[in-house]
Number of protein chains: 2
Amino acid sequence: MSRYDPSAFPPFAVTVDLVVLTVRDHALCALMVRRGEPPFQGFWALPGGFVRPDEGLIEAAARELAEETGLRTHGAPGTGPGVGAHLEQLATYGDPQRDPRLRVVSVAYLALAPDLPTPRPGGDVRSARWAPVEELLGRGKGDDGMLLAFDHTEILADGVERARSKIEYSALATAFCPEEFTVGELRRVYESVWGVQLDPRNFHRKVTGTPGFLLPAGGTTTRQGGRPAQLFRAGGATVLNPPMLRPDS
Amino acid sequence: MSRYDPSAFPPFAVTVDLVVLTVRDHALCALMVRRGEPPFQGFWALPGGFVRPDEGLIEAAARELAEETGLRTHGAPGTGPGVGAHLEQLATYGDPQRDPRLRVVSVAYLALAPDLPTPRPGGDVRSARWAPVEELLGRGKGDDGMLLAFDHTEILADGVERARSKIEYSALATAFCPEEFTVGELRRVYESVWGVQLDPRNFHRKVTGTPGFLLPAGGTTTRQGGRPAQLFRAGGATVLNPPMLRPDS
DNA sequence: GTAATAGTGTCTTTGAGACAATATTAG
DNA sequence: CTAATATTGTCTCAAAGACACTATTAC
């Protein structure tokens, strides 16, 4: 059998779906849109859409992300440091039955964004919201969360697990923070994403002692109350060695 | 703009490509096939093929793996423990120019297999071989390795890096071993995949002290020479906590 | 003053890294 | 015997976990 036979190949539709995560009110939240048409009309779904014939996969994901949130992607041209979201490929979902209408292969992307100043994230007519992932996926113990469109519960769960594990050994938690942030704010990011409490003193020692993780920004802030805290921005480091250890697991 | 519009979607071809890794002669090797037709005629390429209209992505990958190597996948029906390969999704590659003929999105899978008793791995007419990844990808310092078909150098490099990092925090290194193996054989797997030397004493302490990693099989063997070594099989553990640390990195 | 958060220090324990020494086979 | 590998053990050091204490703001 010949590979890549151009004359006869089964046609597929290819889409991108986005797991866009942020931290709001000490809770990990995902961007969800409400479907206005069948199938799964009225259900919450991940934002996404068809890949265009002339664009790459991550370009399609970045385009959908910009359409939904206005966020640019880190490293995109004309993007300053700190603004914009982290974007990476998550996984691909291609069960023959995942869309009842046609064979759709969806390449899912994971985006990590700082808490957006605009409370309404959607840019177009569809209603959109930030939903706590605990509400979408459930807290265990018989709580399986909401029923989402297609296989989006599985995709969301995979994205959340990726984010939870990736902040262990990378400096990606700073992607959830504004350009300048304090050690306490970064700690609250870890606590929100992992759903645990961390010792502020050990956390402070760990992050300030890891070379390249944090870069002093010079100023201080009292936006969290209490004693003024030093401001930092993300250092150039991408991998954390040794990693930040998640309790229990 | 509506999502998933069934009436008008751009058609894509969807394929699976396989990064099949094994350890032979103290070297990490990948299964490569030689292309018999254009484009890239005569070039070495990763095994793969079209996804059929009625099969899932991992089913397509498992089918291709079985066609090429005769290996079944762990967990497949009728598969005993220890035989068969580990199979997981790696990443998806969809650059618009990656295939000069048509728009192809390829879902790559990573397979880890024990050293196969049959020296000729291919089952069909195409020539196939186990090639050391050092030869395919180069050793750095101006050595960029061989020129492979399509973007398969990038896919292979991603698969090798995934394997190298995954044996750090999972028990997957046992997927490279036969059903029963010794601590020394497992150590040589780590040394081959990472390209380093490990202290046999610290390694022995580490793997035998990690609960669920190794299960005593009862017997001993002298197939490596020297003092007889205890035989083990893979324990049920999937994650290693704390992880096996890779030197240098 | 109180309440809240930020930052520094100390002690203990776990575990990795660097070794030495002994055990059991093949030849 | 020698050569090869397996296995157990010991010492040191890096780093995480569990605490106490002081510092600086808002009120």
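Heavy-atom basis, side chains included; hydrogens, waters and symmetry copies ignored. All of these numbers come straight from a predicted model, not from anything done at the bench. Letters go in sequence order (proteins before strands), and every chain restarts at 1.
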Which residues pass the salt bridge (Lys or Arg N to Asp or Glu O under 4.0 Å) test with A:Asp151, not counting sequence neighbours? A:Arg98
Test item: B:Thr153 and B:Leu137 side chains (from C-beta on) under 4.5 Å apart, heavy atoms: yes
When the nearest nucleotide of DNA chain D is assigned to B:Val183 and to A:Arg227 on a heavy-atom basis, which residue is associated with the more 5' position? B:Val183
Classify the side chain of B:Arg201 versus the base of C:dA18 as yes if they form a donor-acceptor pair under 3.5 Å and no if they do not. no
So, does the side chain of B:Arg205 form a donor-acceptor pair with the base of C:dG17 at under 3.5 Å? yes
Atom CG of A:Asn202 and atom C1' of C:dC11: how far apart are they, to the nearest Å? 12 Å
Mind calculating the distance between CG (B:Leu198) and P (C:dC19) to the nearest angstrom? 15 Å
Hey, are B:Asp17 and B:Tyr93 close enough side-chain-wise for a donor-acceptor pair under 3.5 Å? no
Heavy atoms of chain B, cut-off under 4.0 Å: which first and last nucleotide of DNA chain D, 5' to 3', fall inside that, if you could look? D:dA4 to D:dT10
Between A:Val196 and A:Arg246, is any pair of side-chain heavy atoms under 4.5 Å apart? no
Heavy-atom side-chain proximity of A:Ile58 to A:Thr73 below 4.5 angstrom: no
Looking across every strand, which nucleic acid part, if any, lies under 4.0 Å from A:Arg223 by heavy atom: base, sugar-phosphate, or nothing? nothing
How close or far is atom C1' of C:dG17 from atom CZ of B:Arg246, stated in whole angstroms? 18 Å
Do A:Pro247 and A:Leu198 touch side chain to side chain, with heavy atoms closer than 4.5 Å? yes
Would you please confirm or rule out a distance under 4.0 Å between OP1 or OP2 of C:dA16 and any side-chain N or O of B:Lys206? yes
Where each residue is assigned the nucleotide of DNA chain D containing its nearest heavy atom, which of B:Gly225 and A:Pro242 is assigned the position nearer the 5′ end? B:Gly225
